[in-house]
Amino acid sequence: MSDNKPAAKRTGFHPHKKPFQKQGQGQTPAAPKADHTLGLSETEYRAKLEAEHPGLNVRQCAAKLLNAVVAKNTSLDGLTDAHHGHPQYMELDDRDRSLVRAILGTALRNRNTIETALCKLLDRPLPANATALQQLLHVGAAQILYLDVPDHAAVDLAVTSANIDPRNRKYASLVNAVLRRLTRNKERAIELKISNGPDWYIESLTKTYGQKQAEAILAMQAYEPSIDLTVKSNPAEWAAKLGGTLLPNGSVRLGSFEGALTALEGFAEGEWWVQDAAASLPATLLGDIKGKRVADLCAAPGGKTAQLIMAGAKVTAFDINKNRLKRLKSNLDRLQLDAELIATNILDYQTDELFDAILLDAPCSSTGTVRRHPDVLWTKTPDDIVRLAQVQAKLLRHAISLVKPDGIIVFSNCSLNREEGEDMAQAILAEGVLKAEPFKPEELKGMEQLITDQGFLRSTPADLPHDEPKMAGLDGFFAARFRRQS
Ligand SMILES: C[S@@+](CC[C@H](N)C(=O)[O-])C[C@H]1O[C@@H](n2cnc3c(N)ncnc32)[C@H](O)[C@@H]1O
């Protein structure tokens, strides 16, 4: 695997040297005057600057949110939520919001490549605490290297952003010089063979999957994947209607489409829902559940609940989060499906009416969803993996008390880390209350290769290869099936 240590260079700043003097090339846009003193509110001030420098708000917002993700471990989904997102993001119109998301997705997916390319253009490393400056350069570089934005706009707006921010003003000519040099070295930068992700993650993947498979997974993480749908019925028909591809498990993989997803045929009628093909597998592995009482213990937003209902089970869906459970309810309403809903911490839930079968799709690090959520790697730490594996073991032990003797439990999550998957499952089996019920090839027709030697299910973004990377891959998922012994 290639050089993954750009961060080391960043931290070796020499304060006694006058930084970056040699790099002043090209015209640096003039510094705007600080208008705060004129008594404008923050919003008015930003509106005035935007009128003078169209596109500035988007770049400033992108740099701010990038900093919140990488320096403060804040989830990108929350920051860019359409209703409760970051205030600076909420001020933008839809077009600008989508550019912010494109910049952030690209910057995070290619973070190590961008960092290495920038480091090569710097005479000396940036100060270790210059995180705002670092994000500003990353936002500029993401546009220059990967997005369809004119180079001069990316550079000028980065320089203007630097001039406006008192922390970065003294680096404005550095920003100008480095980004201009990047525009002349694009090809070389893009061709750098860099694995993207923090060192701990790359090491963990390599240890678990071996170098070749780890590299294949990391390569796939550079692409935003296509959208998969789970359909109520007639998957081949829906694949044809929507111009998608029918996958071996019956999911429909969409190619590119015009307009909003919610405007596609069948959405309003509740004929399908969005769910990665790998995420749709665990609910199918409970066996024949027709007419049985099944508990979906961590259910929201309900993709798997819908599958269990469609399989004919009487479903009780639990979730600790009331808002997420409300979302599940509205999803089921659109699909015209019904389940008993209980908002509770399942660790506090006990019943004498034990369930025939249980699905526990546990909270996890979500490292299997990096293609869709490129912030995950930069907001999670190795400690999170250990902590979440402990939570999962606790939830699974409690699930045993809710299922009938001889009943089935399917445990799943969307982590690629074996501590939350294979290791956790083996540790629980060693406690002796559950017996393994290995998955059988005939249960995963066309996807038999996902069954491990121990009879677990393991998918990764490197599975289901396709010439077009966007049409390839699966989310990383783990699933195991157990039977309660007594
Ligand atoms: C991975 S998501 C579930 C996704 C869902 N199964 C689906 O397919 O749409 C995990 C869910 O577990 C819920 N959760 C976490 N801890 C819980 C607990 N102790 N009791 C109940 N729900 C919990 C979270 O609120 C979250 O909605």
Minimum heavy-atom distance between [X] and [Y], given as atom pair plus value:
X	Y	value
A317	L325	O-CD1, 4.3 Å
F456	A480	CD2-CB, 3.5 Å
D338	I309	O-CD1, 3.4 Å
K404	L354	CE-O, 3.5 Å
Q307	A283	OE1-CB, 3.5 Å
I114	A107	CD1-CA, 4.0 Å

**Item:** Lys/Arg cation over aromatic Y89: R97, 6.0 Å, 45° cone
**Value:** yes
Check this for me: does any side-chain nitrogen of one of [X] and [Y] sit under 4.0 Å from a carboxylate oxygen of the other?
X	Y	result
E269	R334	no
E271	K232	no
E437	K435	yes
E422	R458	yes
D333	K329	yes
D165	R167	yes
D296	K304	no
R59	D96	no
D356	R293	no
R101	E224	no

Is there side-chain contact between [X] and [Y], with at least one heavy-atom pair below 4.5 Å?
X	Y	result
Q143	V139	yes
E443	L285	yes
F411	F478	yes

**Item:** Separation of D361 CG from D319 CG (nearest 0.5 Å)
**Value:**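 D319 atom CG to D361 atom CG measures 10.0 Å (nearest 0.5 Å).
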(request) Would you please say whether a donor-acceptor pair under 3.5 Å links the side chains of N249 and S280? (result) yes
query = Would Q275 and T230 count as having a side-chain donor-acceptor pair, cut-off 3.5 Å?
reply = yes
inquiry  = Walk me through whether W238 and E265 qualify under side-chain contact (heavy atoms from CB on, under 4.5 Å).
reply    = CA-CA 9 Å; W238 279 107; E265 187 178 350; 4.1 Å; yes
- Item | P282 backbone acceptor or donor facing R481 side chain under 3.5 Å | no
State whether the side chain of N112 and the backbone N or O of P198 hold a donor-acceptor pair below 3.5 Å, judged by distance alone.
no
#### Entry: Pair L434-I400, side-chain contact (heavy atoms from CB on, under 4.5 Å): steps then yes or no
CA-CA 8 Å; L434 292 175; I400 301 169; 3.7 Å; yes
Residue [X] excluded, over 12 heavy atoms near [atom1] under 6.0 Å:
X	atom1	result
E442	CD	yes
Y223	OH	no
K470	NZ	yes
R327	CZ	no

